[in-house]
Q: 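Pasting a structure below so you can have a look.
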Amino acid sequence: MSFFRRSCKTDMTSHCPRCEAQDKLHHCLHSLKTSLQQHTSAHLPPERSNMRLSSAALCTVGLAALAGAALYASRSPRVPEGIQPVENFDIDRYLGKWYELARIDHSFEKGLQRTQAEYSRNQQGGIDVTNRGYDPKRAEWKISRGRAKPTIAADIAALKVSFFGPFYAGYNVVALDDDYQWAMVIGSSLKYFWILSRSPSLPKGVEERLLHQAHLLGVDTQKILWVHQDGVNPTGSYK
């Protein structure tokens, strides 16, 4: 049995696509190890063969560890406990440009103003993500590009977003305007929080309503930072 399959909670006789992929990886690693053993035994004296075999075994273990890490990283991030992503979600209506009006600050956005996110369909039908923000200290725009995928169903606003290889982070829309004009997003934990809007400001009363909902969900609203988005300062808007 594959080492990876032991952690699967489904019935071993049932069809599990992820487990099948993991089994293929397990067999590939096993074949690699066997091939290395045959190669070293056939071409080297016994004492040197044992030395090479130890190195080959270490390489195989290293490959297995890397493969396991990649599989772990590519899993769908969990939805935080108590968080309910929006249902009847239409990803195509969500596409386009959003202004980031508020966030809980993290290193990847720290110090950035006029932050924006843009979502679009790519040629393969997936979702491309472009994040940008202005760094006033360096007087330059910073841009990050990634991709997003639904994690539960196409009509549930639970997604995973990646800006670095197979490593995904959670993206759960927990409040959404009927006309898709503003949204509140929570990541893989309550420490990741954003309020987005199609315009640089929210309609009257929406800010208070979203902050109240965030508080009820357990978000530390004292850590929420409101982002400079006035649209008229000397940095200019990104176009």
Side-chain angles (χ1 to χ4, degrees), residues 69-70 73-77 80 85 91-151 157-177 180-202 206-207 210-211 214 219-239:
S74 63
R75 296 186 311 172
S76 294
I91 186 65
D92 288 311
R93 294 185 66 191
Y94 197 78
L95 301 180
K97 179 179 176 180
W98 292 88
Y99 293 91
E100 181 192 83
L101 301 191
R103 68 174 181 257
I104 291 180
D105 224 6
H106 286 280
S107 59
F108 52 87
E109 286 187 292
K110 195 171 185 63
L112 297 184
Q113 301 175 354
R114 310 179 69 76
T115 39
Q116 304 166 15
E118 189 163 355
Y119 307 93
S120 59
R121 288 279 186 187
N122 57 37
Q123 293 181 346
Q124 292 73 39
I127 305 298
D128 286 337
V129 183
T130 302
N131 287 349
R132 55 178 69 96
Y134 186 78
D135 184 343
K137 291 185 177 180
R138 296 176 177 268
E140 64 182 17
W141 286 88
K142 292 187 175 181
I143 303 174
S144 299
R145 292 183 171 87
R147 59 188 185 276
K149 299 178 181 179
T151 59
L159 299 95
K160 58 181 182 179
V161 180
S162 173
F163 292 93
F164 179 68
F167 297 91
Y168 283 90
Y171 184 104
N172 305 290
V173 182
V174 296
L176 183 63
D177 176 53
Y180 286 64
Q181 294 303 299
W182 50 258
M184 187 166 71
V185 179
I186 290 176
S188 299
S189 79
L190 299 180
K191 296 179 180 179
Y192 297 91
F193 174 90
W194 298 268
I195 293 177
L196 309 177
S197 174
R198 297 293 191 183
S199 62
S201 61
L202 289 169
V206 173
E207 175 182 329
L210 292 179
L211 289 177
V219 175
D220 185 351
T221 55
Q222 297 299 314
K223 293 184 177 180
I224 295 175
L225 168 72
W226 291 90
V227 182
H228 181 55
Q229 287 282 9
D230 67 4
V232 296
N233 77 13
T235 65
S237 295
Y238 187 95
K239 296 182 180 179

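In what follows, every heavy atom counts, from backbone to side chain, and hydrogens, waters and symmetry copies are set aside.
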Q: Are any of the side-chain heavy atoms of Arg132 and Glu118 separated by less than 4.5 Å?
A: yes
Q: Quick one: pull up OH in Tyr94 and CG in Leu196 and give me the separation to the nearest 0.5 Å.
A: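 Rounded to the nearest 0.5 Å, the OH-CG separation comes to 5.0 Å.
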Q: Would you say the side chain of Leu225 lies within less than 4.5 Å of the side chain of Ile104, judging by non-hydrogen atoms?
A: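 No; the side chains remain at least 4.5 Å from each other.
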Q: What residues form a ring pair (Phe, Tyr, Trp, His ring centres under 6.0 Å) with Phe108, not counting sequence neighbours?
A: His106
Q: About how many Å separate CG of Asp105 and NZ of Lys110, when rounded to the nearest 0.5 Å?
A: 5.0 Å
Q: For residues 183-195, pull every pair meeting side chain to side chain donor-acceptor pair (under 3.5 Å), keeping only residues two or more places apart or in separate chains.
A: Glu100-Trp194, Glu109-Trp194
Q: Would the number of heavy atoms belonging to other residues, nucleotides or ligands and lying under 6.0 Å from CD of Gln222 be above 12?
A: no
Q: Measure the shortest side-chain to side-chain distance between Ile127 and Ser120 over non-hydrogen atoms and say whether it is less than 4.5 angstrom.
A: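 A side-chain contact is absent here, since even the closest heavy-atom pair is not under 4.5 Å.
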Q: Distance check, rounded to the nearest 0.5 Å: Leu190 atom CG versus Lys223 atom NZ?
A: 11.0 Å
Q: Do you know which two heavy atoms are closest between Gly187 and Asn172, and how far apart they sit?
A: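 Minimum heavy-atom contact is O-ND2, 3.1 Å.
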Q: Could you pull out the closest heavy-atom pair between Ala214 and Thr221, with the gap in Å?
A: CB-CG2, 4.2 Å
Q: Is any side-chain heavy atom of Arg121 closer than 4.5 Å to one of Leu95?
A: yes
Q: Could you walk me through whether Tyr168 and Lys149 pass side chain to side chain contact (heavy atoms under 4.5 Å, CB included), step by step?
A: CA-CA 10 Å; Tyr168 283 90; Lys149 299 178 181 179; 3.4 Å; yes
Q: Would Phe163 and Asn131 satisfy side chain to side chain contact (heavy atoms under 4.5 Å, CB included), going step by step from the backbone distance to the final call?
A: CA-CA 10 Å; Phe163 292 93; Asn131 287 349; 3.2 Å; yes
Q: Could you tell me whether the side chain of Asn122 and the main chain of Gly126 form a donor-acceptor pair under 3.5 Å?
A: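 At least one qualifying donor-acceptor pair exists.
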Q: Evaluate Trp182 against Val206 for side chain to side chain contact (heavy atoms under 4.5 Å, CB included), listing each step before the verdict.
A: CA-CA 9 Å; Trp182 50 258; Val206 173; 3.8 Å; yes
Q: What do the steps show when you test Leu202 against Ser197 for side chain to side chain contact (heavy atoms under 4.5 Å, CB included), and what is the final call?
A: CA-CA 7 Å; Leu202 289 169; Ser197 174; 4.0 Å; yes
Q: Would you say that Val227 contacts Arg103 through its side chain, given a criterion of any heavy-atom pair below 4.5 Å between the two side chains?
A: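 Yes, their side chains come closer than 4.5 Å.
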Q: Is there a donor-acceptor contact under 3.5 Å from the side chain of Thr151 to the main chain of Ala158?
A: yes
Q: For a 4.5 angstrom cut-off between non-hydrogen side-chain atoms, does Val185 reach Tyr171?
A: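 Contact flag for Val185/Tyr171 side chains = yes.
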Q: Do you know the tightest heavy-atom contact between Gly111 and Pro136?
A: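 Taking Gly111 first and Pro136 second, the nearest heavy atoms are O-CD, 3.4 Å.
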Q: Atom CG of Leu101 and atom CD1 of Ile224: how far apart are they, to the nearest 0.5 Å?
A: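 Taking CG in Leu101 and CD1 in Ile224, the distance rounds to 12.0 Å.
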Q: Nearest 0.5 angstrom please: Tyr180 OH to Ile91 CD1, how far?
A: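 One gets 8.5 Å once the value is rounded to the nearest 0.5 Å.
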Q: Hey, could you give me the CD1/CH2 distance between Ile195 and Trp98, rounded to the nearest 0.5 Å?
A: 12.0 Å
Q: Contact between Gln116 and Trp141 at the side-chain level, heavy atoms closer than 4.5 Å - yes or no?
A: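 A side-chain contact under 4.5 Å exists here.
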Q: Under 3.5 Å, side chain of Gln229 to main-chain N/O of Thr115, donor-acceptor pair present?
A: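 Looks like yes, one N/O pair under 3.5 Å.
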Q: Specify the closest pair of heavy atoms between Ser199 and Tyr99, including all atoms of both residues, with the distance to one decimal.
A: C-CD1, 3.5 Å
Q: Who are the salt bridge (Lys or Arg N to Asp or Glu O under 4.0 Å) partners of Arg93, not counting sequence neighbours?
A: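 For Arg93 there are no salt bridge (Lys or Arg N to Asp or Glu O under 4.0 Å) partners, ignoring immediate neighbours.
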Q: Got a salt bridge between Asp128 and Arg147, using NZ or NE/NH1/NH2 to carboxylate O under 4.0 Å?
A: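 Salt bridge between Asp128 and Arg147, a charged N being under 4.0 Å from a carboxylate O: no.
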